[in-house]
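Worksheet: the structure to be examined is printed underneath.
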There are 2 protein chains.
Amino acid sequence: MTRPKVKRPRSRRGEGDKLREEILDATEALLSQTADRRAVSIRAVADAVGVTAPSIYRHFPDKRALLMAACQRHFDDLQQRLEKMASVAEGPIDALRETGHAYLDWGMDNPEEYRIMFMTRPESDAVTDGEEMDYSDTIGPGTAFGALISMIDTGLQAGEIRADRNIFDVAIAVFSLVHGVTSLAISNDPQFFPRTDAHRTLDLLMDWTFAGLAPAGLDS
Amino acid sequence: MTRPKVKRPRSRRGEGDKLREEILDATEALLSQTADRRAVSIRAVADAVGVTAPSIYRHFPDKRALLMAACQRHFDDLQQRLEKMASVAEGPIDALRETGHAYLDWGMDNPEEYRIMFMTRPESDAVTDGEEMDYSDTIGPGTAFGALISMIDTGLQAGEIRADRNIFDVAIAVFSLVHGVTSLAISNDPQFFPRTDAHRTLDLLMDWTFAGLAPAGLDS
DNA sequence: TGTACATCAGTGAACGCGCGTTCACTGATGTAC
DNA sequence: TGTACATCAGTGAACGCGCGTTCACTGATGTAC
């Protein structure tokens, strides 16, 4: 990891932005492979790219900005996956279930990214160590949370979800439910809480939830 | 924080263990006040106690051991609180609801401790940065999770919980539900997800859950 | 077609910092005679 | 009751490390004349 690996050939004039992309790729790869944010240092990233540390500063003002940029990519990836799942589903309840499981899978596949994005302390300092998030990018329209809101809204319109609930409250509750299983799954020894158990737990919670959300006390 | 503060008077012969307790107290206080594990360095702890850094090593072999000891105290504290809530409650369903809210309050009051105990990556490395937990101390009898199991069991005996559920599955589901709200509450700007909202969300989820757990499809 | 030059991508060395930890020590205090 | 001494609680200085970041620089490359 500290060995110089491959010496990257210098980009040609006007192609300096290539390095920017390579740096982001390396940052993601490092985070994903080590599953440990402490392994993602400026030096380690530079090393993985095959470049020296100061080169990073030609493309990002500081470490914070680098991590923010990498995290934004993850957000976009997650959102696209969820929207894809939702578009394929048969009806809003099915969409909620499917996206819930997809979300869980994504978290389990990207545990450290998940921790950074959804499990770090609020405010400024999180960033040195992880990421500070702009909430308007998190819950606004065109985001993962926005997609959740619209699924629930569709359910309401279709009469599959009881209409006496505040839609935002329901969304927060459903989100915290899925987040609970995901966060538990990646904070424990896989032997203690294996992947199939996580999905089973989510299913059980969804059963309860959709019984509670059903208009006439019917199970979904 | 780097200033020497008060110079602690040396303990008398045979009273060396006093410092051990003071070190643990200072560790907890530092963690609680800063809500940032990075602020809890050997030097900072020593400083808070009014002693030099090497003195710590007379009482703890390394930083890991110090943090483990401090965390064990937190576990004991949480467990005692939950058992107290459970003993006061009127019936098992009420006990589950009350302990759920007490758990949420505890997490919100001790966010960094909660993160260390329930939200760090599994395995060895968590400790340098937080804590590795011995699961037999976490889910065995006489623990917080053990208390949850026994509440559900009481509910089953009393006929207030449907008997066709695997008790362990139900316990994991209930735990991950409460954990979800707690973890969400302490990972976001309090302005975005205030304390009352967290309790309201938990209530909603509990409503769904107890509808699902009720024997005859009745609400709790 | 040849050459001088500005530009641009990236380097090498060093900075100051806080960290966990080690080591040889000091000096107060209880105890044995 | 007095004194020598072993013990014990804690100190002061230093170690090596990895970190983010800065600074003056180098040398290849495209462009203007």
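By convention in this document, chain letters (A, B, ...) are assigned in the order of the sequence lines, proteins followed by strands, and residues within each chain are numbered from 1.
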query = Does the base of dG20(C) carry an N or O that pairs as donor and acceptor with the side chain of R43(B) under 3.5 Å?
reply = yes

query = Are the aromatic rings of Y114(B) and Y103(B) close, with centres under 6.0 Å apart?
reply = yes

ask   = Hey, does the side chain of S55(B) come within less than 4.0 Å of dT11(D)'s phosphate (OP1/OP2), counting only N and O?
value = yes

task = Tell me which nucleotide among dG20(C), dT11(C), dC23(C) gets nearest to the side chain of T52(A).
result = dT11(C)

query = For DNA chain C, whose closest nucleotide is more 5', that of P61(B) or that of R58(B)?
reply = P61(B)

Atom-to-atom span, CG of D47(B) to P of dT11(D) - whole angstrom = 11 Å

query = Of the nucleotides dT11(D), dA9(C), dT21(C), which one has an atom closest to the side chain of Y57(B)?
reply = dT21(C)

remark   = Closest to the side chain of R10(B), out of dT11(D), dC19(C), dG27(C), is dG27(C)

ask   = How many Å lie between NE2 on H59(A) and P on dC8(C), as a whole number?
value = 13 Å

message = If the cut-off is 4.0 Å, is S41(B) near the phosphate of dG18(C), judged by side-chain N/O to OP1 or OP2?
response = no

Gap between atoms CG and P, on D17(B) and dA9(D) respectively (whole Å) = 8 Å

query = Between dA28(C) atom C1' and R12(B) atom CZ, what is the distance in whole Å?
reply = 11 Å

request  = Check the distance between dT22(C)'s P and I56(B)'s CD1 and give it to me in whole angstrom.
outcome  = 14 Å

message = Please determine whether a side-chain nitrogen or oxygen atom of S11(A) lies at a distance below 4.0 Å from atom OP1 or OP2 of dC8(C).
response = no

note = Side-chain contact check for A53(A): nearest option of dA9(D), dT21(D), dT21(C) is dT21(D)

task = Name the closest nucleotide to the P54(B) side chain, picking from dT11(D), dA9(C), dG20(D).
result = dT11(D)

inquiry  = Under 4.0 Å between a side-chain nitrogen and a carboxylate oxygen: does that hold for R73(B) and D76(B)?
reply    = no

Nearest-angstrom distance from the residue atom CG of L19(B) to C1' of dC8(D) = 13 Å

message = Can you tell me how far apart CE (M206(B)) and CD1 (I93(B)) are? Round to the nearest 0.5 Å.
response = 10.0 Å

request  = State yes or no: are the ring centers of F168(B) and F175(B) separated by less than 6.0 Å?
outcome  = no

Lys/Arg-Asp/Glu bridge criterion (N-O < 4.0 Å) met for D25(A), R20(A) = no

